[in-house]
**Student:** 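First, the structure itself, so that you have it in front of you.
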Amino acid sequence: MMFIGDSITRHLAAALLRAVGSTDEVVVGHADFDLTLPGRDARLSFLWRPYPWNVTEALLEEVPALPRPPSVVIASFCLWHALHVRDADAFAEDAAELSAAAAKVGARLPGLRLLLCTCPHTVTALQGTAAKREALTPRRVAAYDAALRALPAATWRRLGVAALSRACGDACSADGVHPQPVVFDALMQVMLGMLGV
């Protein structure tokens with residue numbers, strides 16, 4: 001299983017470790033890591049690729065080149081674009097290019113399942129910096145999320161980070177950007193159900 005993207009996918013990787021009873025911890029920060037899941041012939045890989053074009057490159061170049069490609073790729077790439085680029089229309093174009101690349105990779109690697117995380121619910125008052133409070137407003141992040149929901153459903157299955165974190169409410173936000181671990185644990189159960197695990 002490979003997680004590609006930003007901190008949302010890193011938190012999901014941590015939730016997978018909790019779900020399988022692993023005592024390993026994810027590497028915190030902007031770094032790649034690989035772990036073997038306990039009692040299984042399975043690996044968890046995380047690639048820090050926070051922008052859609054980073055994920056596109058990883059899907060086209062890194063994933064097919066692996067000696068043992070993953071059976072599942074989970075991607076999230078909303079937050080850094082919203083924070084640093086702040087252009088939902090450009091994001092929609094970047095996400096469409098990524099979706100086209102994902103379709104190509106899916107055709108080259110039969111059986112590869114692609115999951116796309118929607119954008120999280122944000123809470124401006126809890127965000128720790130002025131830049132985040134200005135950029136990661138619920139309105140802007142919702143516009144980014146709409147761009148993700150417009151992508152072809154045939155390529156990606158969507159993991160509803162937006163819906164679950166919004167339904168849980170502001171109290172379920174850890175820092176105004178990331179949901180609390182319990183939300184990621186629930187998302188992991190949804191994801192495992194989607195995958196038939």
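These numbers come from the heavy atoms of this one structure, side chains and all, not from hydrogens, waters or symmetry mates.
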**Student:** Could you walk me through whether Phe77 and Ile4 pass the side-chain contact (heavy atoms from CB on, under 4.5 Å) check?
**Tutor:** CA-CA 8 Å; Phe77 45 84; Ile4 306 176; over 6 Å; no
**Student:** Assigning hydrophobic clusters by single linkage (Ile, Leu, Val, Met, Phe, Trp, Tyr; side-chain heavy-atom cutoff under 4.5 Å), is Leu126 placed with Val183?
**Tutor:** no
**Student:** Answer yes if Leu151 and Val105 sit in the same cluster of Ile, Leu, Val, Met, Phe, Trp and Tyr residues linked by side chain heavy atoms under 4.5 Å apart, and no otherwise.
**Tutor:** yes
**Student:** Any salt bridge between Asp175 and Lys132, counting N to O under 4.0 Å?
**Tutor:** no
**Student:** What distance do Leu44 atom CG and Asp34 atom CG have between them, rounded to the nearest 0.5 Å?
**Tutor:** 8.0 Å
**Student:** Checking the side chain of Arg86 only, and the main-chain atoms of Leu83 only, is there a donor and an acceptor separated by less than 3.5 Å?
**Tutor:** yes
**Student:** Between Leu59 and Trp156, what is the shortest heavy-atom contact and its length?
**Tutor:** CD1-CH2, 4.1 Å
**Student:** Within the distance-only criterion (no hydrogens, no angle test), does the side chain of Gln127 pair as donor or acceptor with the backbone N or O of Gly176 below 3.5 angstrom?
**Tutor:** yes
**Student:** How close do Ala101 and Thr56 get, heavy atom to heavy atom, and via which atoms?
**Tutor:** CB-CG2, 3.7 Å
**Student:** Considering the options Phe3, Phe46, Phe184, which one meets the ring-ring contact (aromatic ring centres under 6.0 Å, His included) requirement together with His11?
**Tutor:** Phe184
**Student:** Establish whether Leu114 and Val197 are linked, either directly or via other cluster members, by ILVMFWY side-chain heavy-atom contacts under 4.5 Å.
**Tutor:** no
**Student:** State whether the side chain of Thr9 and the backbone N or O of Asp6 hold a donor-acceptor pair below 3.5 Å, judged by distance alone.
**Tutor:** yes
**Student:** Show the nearest heavy-atom pair for residues Leu192 and Ala19, with the distance to one decimal.
**Tutor:** CD1-CB, 4.5 Å
**Student:** For the side chain of Ser99 and the backbone of Ala95, is there at least one donor-acceptor N/O pair under 3.5 Å apart?
**Tutor:** no
**Student:** What's the spacing between Arg166 CZ and Cys119 SG if we round to 0.5 Å?
**Tutor:** 10.0 Å
**Student:** Examine distances only and state if a side-chain atom of Arg113 and a backbone atom of Arg157 form a donor-acceptor pair shorter than 3.5 Å.
**Tutor:** no
**Student:** Testing the basics here: between Ser7 and Leu79, what is the closest heavy-atom pair and its distance to 0.1 Å?
**Tutor:** OG-CD1, 3.9 Å
**Student:** Can you tell me how far apart CE (Met188) and CG (Leu195) are? Round to the nearest 0.5 Å.
**Tutor:** 9.0 Å
**Student:** Do Ser173 and His121 pair up side chain to side chain, a donor and an acceptor below 3.5 Å, judged on atom types alone?
**Tutor:** no
**Student:** Would you say that Pro52 contacts His81 through its side chain, given a criterion of any heavy-atom pair below 4.5 Å between the two side chains?
**Tutor:** yes
**Student:** Looking only at atom types and distance, does a side-chain atom of Thr122 sit under 3.5 Å from a main-chain N or O of Leu136, one as donor and one as acceptor?
**Tutor:** yes
**Student:** Would Ile8 end up clustered with Val27 when hydrophobic side chains under 4.5 Å apart are linked, directly or stepwise?
**Tutor:** yes
**Student:** Which heavy atom in Thr118 sits nearest to a heavy atom in Ala162, and how many Å separate them?
**Tutor:** OG1-N, 2.9 Å
**Student:** Answer whether the closest heavy-atom distance between the side chains of Leu115 and Val72 falls below 4.5 Å.
**Tutor:** yes
**Student:** Mind telling me whether Trp53 and Tyr51 have parallel, tilted or perpendicular rings, with 30° and 60° as the class edges?
**Tutor:** parallel
**Student:** Where do Pro64 and Arg108 come nearest, in terms of heavy atoms and distance?
**Tutor:** CG-NH2, 2.9 Å
**Student:** Tell me which one of Asp185, Leu17, Leu187 satisfies side-chain contact (heavy atoms from CB on, under 4.5 Å) with Leu12.
**Tutor:** Leu187
**Student:** Which is it for Met2 and Leu66 under the side-chain contact (heavy atoms from CB on, under 4.5 Å) test, yes or no, and what are the steps along the way?
**Tutor:** CA-CA 11 Å; Met2 179 172 278; Leu66 292 169; 3.5 Å; yes
**Student:** Going hydrophobic residue to hydrophobic residue with side-chain gaps under 4.5 angstrom, can you get from Leu159 over to Val55?
**Tutor:** no
**Student:** Give the ring-plane orientation class for Trp48 versus Trp80, where under 30° counts as parallel, over 60° as perpendicular and anything between as tilted.
**Tutor:** perpendicular
**Student:** Under a 3.5 Å cutoff, is there a donor and acceptor pairing between the side chains of Arg43 and Thr36?
**Tutor:** yes
**Student:** Taking C-beta and beyond as the side chain, do Leu112 and Ser71 meet within less than 4.5 Å on heavy atoms?
**Tutor:** no
**Student:** Distance-only, no hydrogens or angles: does the Tyr144 side chain make a donor-acceptor pair with backbone N or O of Asp89 under 3.5 Å?
**Tutor:** no
**Student:** Evaluate the pair Cys117, Cys78 and indicate whether the two SG atoms are within a distance below 2.5 Å.
**Tutor:** no
**Student:** Would you please test Val26 and Phe33 for side-chain contact (heavy atoms from CB on, under 4.5 Å) and show each step?
**Tutor:** CA-CA 8 Å; Val26 299; Phe33 59 86; 3.5 Å; yes
**Student:** Side-chain contact test, heavy atoms from C-beta onward, threshold under 4.5 Å: evaluate it for His30 versus Pro50 and give yes or no.
**Tutor:** no
**Student:** Is there a side-chain contact (heavy atoms from CB on, under 4.5 Å) between Met191 and Met1 once you walk through the steps?
**Tutor:** CA-CA 12 Å; Met191 188 185 99; Met1 201 171 282; 3.5 Å; yes
**Student:** Between Arg158 (side chain only) and Arg149 (backbone N and O only), is there a donor and an acceptor less than 3.5 Å apart?
**Tutor:** yes
**Student:** Give, for atom CG of Leu98 and atom CG of Asn54, the distance between the pair rounded to the nearest 0.5 Å.
**Tutor:** 10.5 Å
**Student:** Would you check if Cys172 and Pro179 make a side-chain contact, meaning some heavy-atom pair closer than 4.5 Å?
**Tutor:** no
